[in-house]
Amino acid sequence: MKILVINSGSSSIKYKIFDMKGMKVLANGLIEKIGRDISRFRQRSGESGVDFTKELPIKDHTRGFSLMMEALLETSTIDHISDISAIGHRVVHGGKKFKAPVLIDNEVTATISRLIPLAPIHNPANLTGIEITMKLAPNIPQVAVFDTAFHQTMPEMAFLYALPRSLYEHYHVRRYGFHGTSHSYVSRLAASFLGIESRRLNCISMHLGNGASAAAIEKGRSIDTSMGMTPLEGLIMGTRSGDMDPAIIFYLARVTNMDIQEIDHLLNFDSGLLGICGENDMRLITKRAIEGDANARLAIDMFCHRLKKYIGAYLAILRRVDCLIFTGGIGENSPLIRQQVCSGLEHLGIFIDAERNNKSSTGITAIHKEQSQVKILVIPTDEELEIAQQTKKILQERH
Ligand code: AMP
């Protein structure tokens with residue numbers, strides 16, 4: 001069974017096609033800068049396949065998806081479109097309507113469209129991908145997998161803001177949380193690694209990439225998460241501020257000439273690590289900090305301090321915690337951040353092992369000391385594989 005996973009962005013298309021027998025990646029592609037004079041199209045194929053990078057004009061997503069299909073055929077990844085059993089789409093915002101992946105029909109696309117005000121950049125791009133592939137491959141079942149769905153198990157006391165309830169009822173103002181596909185994937189792997197049933201696992205999952213979020217998972221279900229109505233809330237991220245006093249926005253509007261769009265842009269694109277030290281790539285920040293750059297050091301200290309506060313909060317609400325999970329580009333690759341985040345938490349039963357933490361390895365790695373009550377795991381995330389697996393599950397439920 002071959003499943004194609006699509007992540008359609010505003011100017012890019014990422015795709016991966018899996019052979020579900022053995023979960024093998026058959027091909028992996030990225031089309032970037034769609035709509036610019038010169039776009040870039042790269043595909044890597046598994047094992048014996050052909051790799052290529054092309055620069056050519058790709059005027060819109062329709063052209064991009066046609067090129068993707070042509071490339072899959074030309075590289076013999078598939079012999080015919082009908083070789084693809086299903087297509088799984090990443091959709092960022094499922095609102096409160098979608099608590100799980102769904103088979104896409106007209107009603108589903110209409111709902112994703114209605115949710116555009118909640119994710120004005122992402123949902124339109126995701127929807128474009130769905131609409132085009134439905135035209136290109138009308139007979140192939142298509143499934144939407146939502147970033148928000150995993151967090152739909154949060155109780156009201158966690159997802160509501162302390163605002164007039166009418167804002168929730170009329171305008172859907174509430175916390176939704178994101179990175180759900182990743183939190184769900186790594187927490188299931190953690191359970192199986194620890195030999196605990198998923199539905200019994202209590203853990204704190206930390207997806208630390210350019211976007212970052214933590215989730216408190218009780219009995220395998222998300223009961224709280226750091227991102228909110230939008231991915232701006234919570235941890236310090238590459239370019240997003242995360243938590244801050246909302247009154248700063250009104251203050252800035254009063255004392256600067258910035259209008260609301262400019263402040264929105266400032267908080268989403270010019271803040272976070274970039275705002276603190278002028279750089280959002282944690283590799284470069286780490287290098288600069290080691291060389292003695294005070295602002296880079298401060299960015300790391302602030303990043304870890306914020307994360308530590310979330311760990312404390314989630315330990316309090318979960319009571320028993322089986323493990324901490326580090327994932328995402330930073331979580332998987334930065335021993336320095338993991339060490340700094342976990343140090344000083346020994347009184348809470350968290351003991352990181354410096355040697356294990358520093359040893360680079362692939363796959364799931366335990367980096368705690370033997371006596372650690374709370375295990376500490378590094379787990380590479382694979383959101384595309386999770387989407388493929390969820391898509392397969394929906395397909396099987398249909399039969
Ligand atoms: P992601 O969004 O998950 O791709 O993660 C991107 C972030 O991971 C960037 O801030 C990268 O600098 C960071 N990252 C990747 N590799 C490393 C590494 N070896 N050490 C520190 N940070 C890293």
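All ligand and atom numbering here is 1-based and tracks the order in the structure.
Stacking of Lys54 on the aromatic ring of Phe52 is recorded, both the 6.0 Å distance cut-off and the 45° axial limit being met. No cation-pi contact links Arg174 to Tyr168, judged by a cut-off of 6.0 Å to the six-membered ring centre and 45° from its axis.
Side-chain contact check for Thr327 and His207: no donor-acceptor pair (N or O, by modelled atom type) lies under 3.5 Å.
Arg288 and Glu291 are not joined by a salt bridge, as no carboxylate oxygen comes within less than 4.0 angstrom of a charged side-chain nitrogen. Note on Glu279 versus Lys287: no salt bridge recorded, every NZ/NE/NH1/NH2 to OD/OE distance being 4.0 Å or above.
Across the listed options Gly329, Pro335, Ser182, Ala212, Gly329 owns the non-hydrogen atom lying nearest to atom 8 (O) of ligand 1. Within the set Glu383, Glu279, Glu332, Met282, the minimum heavy-atom distance to atom 10 (O) of ligand 1 is found for Met282.
The distance from ligand 1 to the heavy atoms of Gly209 drops below 4.0 Å at these ligand atoms: 1 (P), 2 (O), 3 (O), 5 (O). The contact set between ligand 1 and Ser334, taken as ligand atoms under 4.0 Å from a residue heavy atom, comprises 21 (C).
For atom 4 (O) of ligand 1, no protein non-hydrogen atom is found at a distance below 4.0 Å.
For His151 and Tyr176, the ring centers are positioned 6.0 Å apart or more.
For Ile330, the heavy-atom gap to ligand 1 drops under 4.0 angstrom.
Of the heavy atoms in Asn280, only backbone atoms (N, CA, C, O) come closer than 4.0 Å to ligand 1.
At least one N/O-N/O distance between Asn210 and ligand 1 falls below 3.5 Å.
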